[in-house]
**Q** 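Quick one: the structure is below, and I'll ask about it shortly.
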Protein chains: 2
Amino acid sequence: MLEPLPVLTPAGTRLLDAASTLFYEHGIRAVGVDLIAERAGTTKKTLYDRFGSKDRLVALYLRRRAQRMHEFVDSRNADVPPGPARVLAVYDALAEWLSMQGRGCGFVNAYAEVGGTDHPAVEVIRAEKAWTRELFAGLAREAGLAEPDRVATELHLLYEGATVIATAGGDPDVLAAARAAAARVVAGA
Amino acid sequence: MLEPLPVLTPAGTRLLDAASTLFYEHGIRAVGVDLIAERAGTTKKTLYDRFGSKDRLVALYLRRRAQRMHEFVDSRNADVPPGPARVLAVYDALAEWLSMQGRGCGFVNAYAEVGGTDHPAVEVIRAEKAWTRELFAGLAREAGLAEPDRVATELHLLYEGATVIATAGGDPDVLAAARAAAARVVAGA
DNA sequence: CTGCGAGTATACCGACCGGTATGGTTACGT
DNA sequence: ACGTAACCATACCGGTCGGTATACTCGCAG
């Protein structure tokens, strides 16, 4: 939110693309900068010229991932009329998003590795979780629900819980249950 | 569940204790076996004599963590009479547990690092999430709630969501909101 | 007395870690 | 024609990674 994503050179783009795939798929510490450079068809030198450090590359990976996730949810929501249906559409978007990805929430995963440090990724992760809550709060208000703040918190809880259980719990069916629970929350408000 | 925790030699115990603290606090890949051995006041040789590999030590760390978490929840529940109150007591136990730990769910964190591999920790993590859901299902039945299965899933969603938001989201207050939401679910069943 | 499990101490292995250094080659704008 | 940004290629740095090897001491049970 603070600053837009920087414009990247061609090799810089390939580096960020490769890093994003590798970080999401295998984790941050599991991926070395040598591998990233090789997968991008360039060199470590270029990586450090463009991004300065691995930590900053990691933070950029998450910032771009957040932006893409937001665009994805917004575009899915645009197909749904405002109101309670649009609130629930977020769960459909989540189900679709997770089915394409397979390793769960990249922000939760990243926090598992950098939490408790001063890594530049930490503030990006916190901001993403705050954005999600505000997404629900805005939609709840838009739908004219009573107690939009309380409702938004509950919807957010169900959303994050569904992501975790679908991934670490190995139970993708829970997404439908979360959507049904959210529908109950919305109907009661 | 499959097998009880093995009896450990004195040095083995110190190794598992040191590894548990370090893995939980800093993550799995961030901690090397040399550091674990040093912190345990012993040697890498003894570590490999006792545990065979780092992966097996990681799995054991999670198995013992699960057992201790279960004992903690069970003991807290024993202080509460059976019924709806006991269902909600799990959220109080979670709040107390998390306040002591500070790095969130060790199983979710571990899955962020080993998910998508054949690491022996994966099945331990899945079993832990299944245990949590069954905990809620058992308590819901004990309390005579209608649709105990559906209720258990919703309580589990709120539980995992609260853990994630309190940790990665940096918002510990959400635990009270999750408890209140759970109370609403219980009251409606 | 012997054998064995447990532990200590140290050295080593190849591989990889994040990061730096040097030097050279394009392509483009002024 | 010149500067410069972008990129490539390669070699190197100290340090750590998971894991193995060798050789030793101790206490205990047969």
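Everything quoted here is computed from the prediction, not taken from an experiment. Per chain, numbering begins at 1; letters A, B, ... match sequence-line order.
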**Q** Ignoring backbone atoms, test whether T43(A) places a side-chain nitrogen or oxygen under 4.0 Å from the OP1 or OP2 oxygen of dT10(D).
**A**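 No, T43(A) has no side-chain N/O under 4.0 Å of OP1/OP2 on dT10(D).
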**Q** When you check the phosphate oxygens OP1 and OP2 of dG5(C), does a side-chain N or O of R50(B) lie under 4.0 Å from one of them?
**A**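 It does not, given that no N or O in the side chain of R50(B) lies less than 4.0 Å from OP1 or OP2 of dG5(C).
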**Q** What's the CG-C1' distance between D55(A) and dC17(C), to the nearest Å?
**A**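 Atom-to-atom, D55(A) to dC17(C), this comes out as 13 Å.
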**Q** Heavy-atom nearest nucleotide on DNA chain D for K45(B) versus Y48(B): which residue maps closer to 5'?
**A**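 Result of the comparison: Y48(B).
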**Q** Could you check, using the six-membered ring where one of them is a Trp, whether Y91(A) and F136(A) have ring centers closer than 6.0 angstrom?
**A**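 Judged by ring-centre distance (under 6.0 Å), Y91(A) and F136(A) do meet the cut-off.
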**Q** The test is salt bridge (charged side-chain N to carboxylate O under 4.0 Å, His left out); show your working for D34(A) and R39(A) and say whether it passes.
**A** CA-CA 9 Å; D34(A) 301 85; R39(A) 288 283 255 272; over 6 Å; no
**Q** To the nearest Å, how far apart are D49(A) CG and dA9(D) P?
**A**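 Rounded to the whole Å, the gap is 15 Å.
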**Q** Quick check: on DNA chain C, is the nucleotide nearest G41(B) upstream (toward 5') of the one nearest L35(A), or the reverse? Name the residue that is more 5'.
**A**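 Between the two, 5'-proximity favours G41(B).
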**Q** So, does T46(A) get its side chain near the phosphate of dA6(D), meaning an N or O under 4.0 Å from OP1 or OP2?
**A**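 Checking T46(A) against dA6(D): no side-chain N or O falls below 4.0 Å of OP1 or OP2.
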**Q** What is the distance, rounded to the nearest whole Å, between atom CZ of F51(A) and atom C1' of dT20(C)?
**A**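 F51(A) atom CZ is separated from dT20(C) atom C1' by 18 Å.
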**Q** I36(A) has an atom CD1; how far is it from atom P of dC16(C), in whole Å?
**A**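 Distance, rounded to whole Å: 15 Å.
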**Q** Between T9(A) and S53(B), just flag the one whose closest nucleotide in DNA chain D comes earlier from the 5' side.
**A**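 Upstream on the strand: T9(A).
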**Q** Rounded off to whole Å, could you give me the NZ-to-P distance for the K54(A) and dC16(C) pair?
**A**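 The answer, rounded to whole Å, is 14 Å.
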**Q** Report yes or no: do T153(B) and R133(B) form a side-chain donor-acceptor pair below 3.5 Å?
**A**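 Yes.
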**Q** Whether the E128(B) and H70(B) side chains hold a donor-acceptor pair (N or O, under 3.5 Å, no angle test) is what I'd like checked.
**A**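 Judged by distance alone, the side chains do pair up.
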**Q** With respect to the phosphate group of dT16(D), does any side-chain polar atom (N or O) of R29(A) fall under 4.0 Å of OP1 or OP2?
**A**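 Indeed not, no polar side-chain atom of R29(A) lies that close.
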**Q** Between D79(B) and R86(B), does the salt bridge (charged side-chain N to carboxylate O under 4.0 Å, His left out) criterion hold? Intermediate values first, please.
**A** CA-CA 9 Å; D79(B) 300 337; R86(B) 188 175 272 181; over 6 Å; no
**Q** Rounded to whole Å, how long is the line connecting atom CD of E38(B) with atom C1' of dT10(C)?
**A**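 Interatomic distance, CD of E38(B) to C1' of dT10(C): 15 Å.
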**Q** Report the distance from atom CG of L15(A) to atom P of dG18(C), rounded to the nearest whole Å.
**A**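 Checked: the CG to P distance equals 14 Å.
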**Q** To the nearest angstrom, how far is R14(A) atom CZ from dC8(D) atom C1'?
**A**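 Nearest whole value for this atom pair: 11 Å.
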**Q** Between G52(A) and D34(A), who's closer to the 5' end of DNA chain C by nearest nucleotide?
**A**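 Final value for this comparison: D34(A).
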